[in-house]
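First comes the structure, then the notes that go with it.
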Amino acid sequence: MTENKAADKLLHVEDVYKEYDQKLVLDDIDFSVREGEFCCVVGPSGCGKSTLLRLILGQEKPTSGRVLIEGKEAGLPSPDRGIVYQRYSLFAHLSVIENVLLGKRLTLPYFEWRRKRAEVMEEAVKLLGRVRLEKDLHKYPHQLSGGMQQRVAIAQALIMRPKVILMDEPFGALDPGTREGMQAHMLETWEALGMTIF
Ligand code: ADP
Ligand code: MG
């Protein structure tokens, strides 16, 4: 990777080591991701992919080294990093649209939420159209297929406008045909919205 100032890189994982009980899981990981890049990590089960994502998310700290977002230490999880897991991102008692609105509802101060509700709702409907769920706004997760649930999870992450979207085997629980469709769809969404995906 070319050398440039730390701030030019959206994400910089710098000389990261991670040990659990003296077992080395990540051994000097160093890379950076620029805005708009779609970066994938491939490796066998247990090689440390989820661990790396947890460090970037800020859920755990590296044993040594640093994770930088736009040149600043990533710190604790924050809305600048969205995450989509393999499954279980949705609240079963909330409808599709309510699941997508939740992040905003929980992070905006009450009066601002009241004031912006219509605007946020419009954005949520637009994003759900983007992931082709415009007809399913009022369904509940149990009424959706696995692929549809993952598309809600993507809209749920996107509405917070994160600087980077982290995905941990987001389509791993889907059957092969659906997975392929989702991968193609994800590439389209990435291009259309200019996101940074890791
Ligand atoms: P992957 O996502 O690539 O399948 P993981 O990051 O989940 O791999 O795990 C990498 C290794 O770290 C595994 O050997 C796993 O057992 C170990 N590991 C992950 N989390 C912990 C933890 N909290 N405590 C101890 N060992 C862990
Ligand atoms: Mg994993």
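Remember, it's a predicted structure, so these values are computed and weren't measured experimentally. Along the sequence shown, residues carry numbers from 1. When a ligand or atom number is given, it counts from 1 through the structure's own listing order.
Under the 4.0 Å criterion applied to side-chain N and carboxylate O atoms, E169 and R87 are not assigned as salt-bridge partners.
Backbone or side-chain N, O or S atoms of S45 do not reach the Mg ion (ligand 2) at under 2.8 Å.
Here F91 and Y140 keep their ring centres 6.0 angstrom or further from each other.
The protein heavy-atom contact nearest to atom 10 (C) of ligand 1 is G46 O, 3.2 Å. Scanning the protein for heavy atoms near atom 19 (C) of ligand 1, the closest one is Y20 CE1, 3.5 Å. Nearest protein neighbour of atom 6 (O) of ligand 1, counting heavy atoms only, is T51 OG1, 2.5 Å. Of the protein's non-hydrogen atoms, the one nearest atom 12 (O) of ligand 1 is V25 CG2, 3.3 Å.
No side-chain donor-acceptor contact under 3.5 Å links Q150 and Y85.
Proximity of V13 to F31: side-chain heavy atoms (C-beta onward) are separated by under 4.5 Å at one or more points.
Without hydrogens or angle criteria, D136 side chain to K139 main chain gives no donor-acceptor distance under 3.5 Å. A donor-acceptor distance shorter than 3.5 angstrom exists from the side chain of K49 to the backbone of G43, with no hydrogens or angles considered. With Q149 contributing its side chain and P141 its backbone, the two residues share a donor-acceptor pair below 3.5 Å.
Here the shortest heavy-atom distance to atom 2 (O) of ligand 1, taken over S50, G43, P44, belongs to S50.
Note: an N/O pair closer than 3.5 Å links G48 and ligand 1 by distance alone. The distance criterion of under 3.5 Å between nitrogen or oxygen atoms is met by K23 with respect to ligand 1.
Ligand-side atoms of ligand 1 in range of R54: 19 (C), 20 (N), range being under 4.0 angstrom from any heavy atom.
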